[in-house]
There are 2 protein chains.
Amino acid sequence: MSETQEFDLQQKVMEVIVERLATGERLPPEKKLAADLGVSRSALREVLRAFQASGLVVALQGSGWYAQPPDVSASIADGWNILLRTQPNVLPQLMDIRYVLEVGFLERAIETLGISDLQKMRDLTDRMVAKARRGEEFVEEDREFHRILFSRTGNILLEQLLKAFWDLFNQIEDLSFRRSSDLVRSAELHQQLFQAILTKDRESATRYLREQFTDIRRRLDGSQTL
Amino acid sequence: MSETQEFDLQQKVMEVIVERLATGERLPPEKKLAADLGVSRSALREVLRAFQASGLVVALQGSGWYAQPPDVSASIADGWNILLRTQPNVLPQLMDIRYVLEVGFLERAIETLGISDLQKMRDLTDRMVAKARRGEEFVEEDREFHRILFSRTGNILLEQLLKAFWDLFNQIEDLSFRRSSDLVRSAELHQQLFQAILTKDRESATRYLREQFTDIRRRLDGSQTL
DNA sequence: TACCATTTGTCCGTATGTATC
DNA sequence: AGATACATACGGACAAATGGT
C-alpha cells in the first residue's frame, strides 16, 4: 500500500511541476503543497529532492521551488562516474556510445552548420595545431569543437548526452588515456575533419571522425588492463 | 555555508556508497550513519533519496539501504518525460537517437547473440504476427525483442539508454503514434529482421531496422503538429 | 538602514509498517 | 510466534535566507 501511495505522490508532484514549468511560476510552498497532497512536509521534501537530482526542479532557500527544463546530463555523469570507478571496462563502452552517436549524427550536423559556426571551428582547429606543436594539450578546444559540430542538429537530447560524456571525461581522475600519444597528429585529424565538413564531403568526414575514435581506442587499450 | 555543508554531505555519502558497492554490504542504518556524519536523519534521508533517483542506492523497508550499480534509465525517463510533455517536437528527436544507437550497434548485436536468444526472438516475432492478425497490438513483444537484440553487446550503458527510451514510451499518454497504421506489416518487418539476423545478413538487417524507424517516423509526422 | 512575513533548511521525538532471525 | 532492527511517516520547533516595506 505504501508503494502505491508513494507512487501516487510522485505522480502528483510531477503534475504540479509540469503545470508550473509552462508558466514559469514557482511551486506552492512546501507547507501548503504538503497539506493539499495529504502528506507530511518530510515526505514531500524527499520526493522533491529526488526530482531535483533529475534536474527537474531547484530549491532556493527563502524563495521557493522552481521548475526548470530538465537536463539529465548531471545525473548521467554522476551515475556513470561511479560505474567507471568500480568497473574500468565501462570506459570503452562509453566511447563506443559516443562514437556511434557522433558518426550517426555527423551527416545531419554537416548540413545544419552555419558560417559563424564554421569560422569558430576553424579557429579552434588552428589553436589545436598551434598548441600541439608547442607540446600542449587542447582538451577544451576539443570539447568545444565537437559541441559546435552537433549544436545545430536541433536535438537537445543529443546535446545532453554529449554534455554528460564530456563532464564525465573531466571527472575521471586517471588522465593517462586522454594524453594523446601524438598530439600533432590528433590536431591535424581535426583539421582534416574540418576541411571535409567545410566542403560537405560526407565520406571523408566520416572517415576522419572514425580515425579519431580508433586513435582514442588505441590509447584506451594501452592504458587499461582488461 | 549551508551549500558547502550540503556538498560535503553528498560527497561523504557518495564515498560510503562507493565503498559499500565493492563489498555488496548494506549501508549503515540511517540513525548510525546520520550520527557519524553529524547530521540529522532528515537531511541524510533527503540526500539518499536524491541518489536513489540517480539509481545509486535502493531502500528496502525493514532491511536497509543498499548500494547498487548505478542505473540512470529512471532518471533519464523522468527528465525527458517532462521535456516531451512540454515540447512535443522532442519526440522525433528521441526516435532519432534510438535509431542511431540501434543501427550503430546492430552489427555488434548480430555477432554476439546466442542460440537461446534467437529462439526467444523467433517466438516473439511469431506472437507478434499472430496478434497482428487478430488486430491486437504487441508493444511488450516489441520491447522484449529489441531488448534481447542488444542484450549481448556487453554495453551496459547502451542497455540503460534503451531501457530509458522504452520506459518513456510507456509513460507517454498520447498513444496515437504507437498505433501502427498496419499492424501486420510491422510484425512481418520484425520477422524479416529476425531472418536477416539469423543468417547474419548485415545489410538486410540494417535495411529492415531502418524501415521500422521510417515507419515510426511516418506515424509521428501524421499525429504530431510541428 | 531596520523590520517583518514568507519560505526553505535542519533537527528532534514519536508512532507505525516491514523484514529478519 | 516473538523479539529485534530498520525504514517510513508524521508533527512541531527553530535557524537561515529571501523579498518587500
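Proteins come first, then strands; the chains are lettered A, B, ... in the order of their sequence lines, and each starts at number 1.
- If you take CG on B:Leu94 and CG on A:Asn155, they are separated by 8.5 Å, rounding to the nearest 0.5 Å.
- Going from atom OH of A:Tyr66 over to atom P of D:dT18 covers 11 Å, rounded to whole Å.
- Note that the two end axes of the helix from C:dA2-D:dT21 to C:dC21-D:dG2 enclose an angle of 20°, each drawn from 5 base pairs, rounded to 10 degrees.
- Closest approach to the A:Arg49 side chain among C:dG9, C:dT14, D:dG11 is made by C:dG9 (side chain taken as heavy atoms from C-beta onward).
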Under 3.5 Å, which N/O atoms of the protein pair with N/O atoms of nucleotides 1-7 of chain C?
from, atom 1, to, atom 2, distance (Å)
C:dT7, OP1, A:Arg26, NH2, 3.1

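- The ring-ring contact (aromatic ring centres under 6.0 Å, His included) test applied to B:Phe105 returns no partner, not counting sequence neighbours.
- Nucleotide D:dC10 holds its P atom 13 Å from the CZ atom of A:Arg41, rounded to whole Å.
- Separating the NZ atom of B:Lys31 from the P atom of D:dT8 is a distance of 16 Å, rounded to the nearest angstrom.
- Note that CD of B:Glu102 and CD1 of B:Ile97 are 12.5 Å apart. Values are rounded to the nearest 0.5 Å.
- Looking at B:Arg147 and B:Glu144, a side-chain N of the basic residue comes within less than 4.0 Å of a carboxylate O on the acidic one, giving a salt bridge.
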Show your reasoning for whether salt bridge (Lys or Arg N to Asp or Glu O under 4.0 Å) applies to B:Arg218 and B:Asp215. CA-CA 5 Å; B:Arg218 202 173 300 125; B:Asp215 203 42; 3.0 Å; yes
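- Checking the phosphate oxygens (OP1, OP2) of D:dT8, a side-chain nitrogen or oxygen of B:Arg45 falls inside 4.0 Å.
- Contact detail for B:Thr153 and B:Ala109: the closest heavy-atom pair is CG2-CA, 3.8 Å.
- Atoms CG (A:Leu37) and P (D:dG11) sit 13 Å apart, rounded to a whole Å.
- Whole-Å rounding puts the A:Leu44 CG to D:dT8 C1' distance at 15 Å.
- Comparing A:Val39 and B:Leu27 against DNA chain D, the residue whose closest nucleotide sits nearer the 5' end is B:Leu27.
- None of A:Glu141, A:Glu140, A:Glu137 except one satisfies the salt bridge (charged side-chain N to carboxylate O under 4.0 Å, His left out) rule with A:Lys131; the exception is A:Glu141.
- Taking the six-membered ring where tryptophan is involved, the planes of A:His146 and A:Trp166 are tilted, since the angle between them lies from 30° to 60°.
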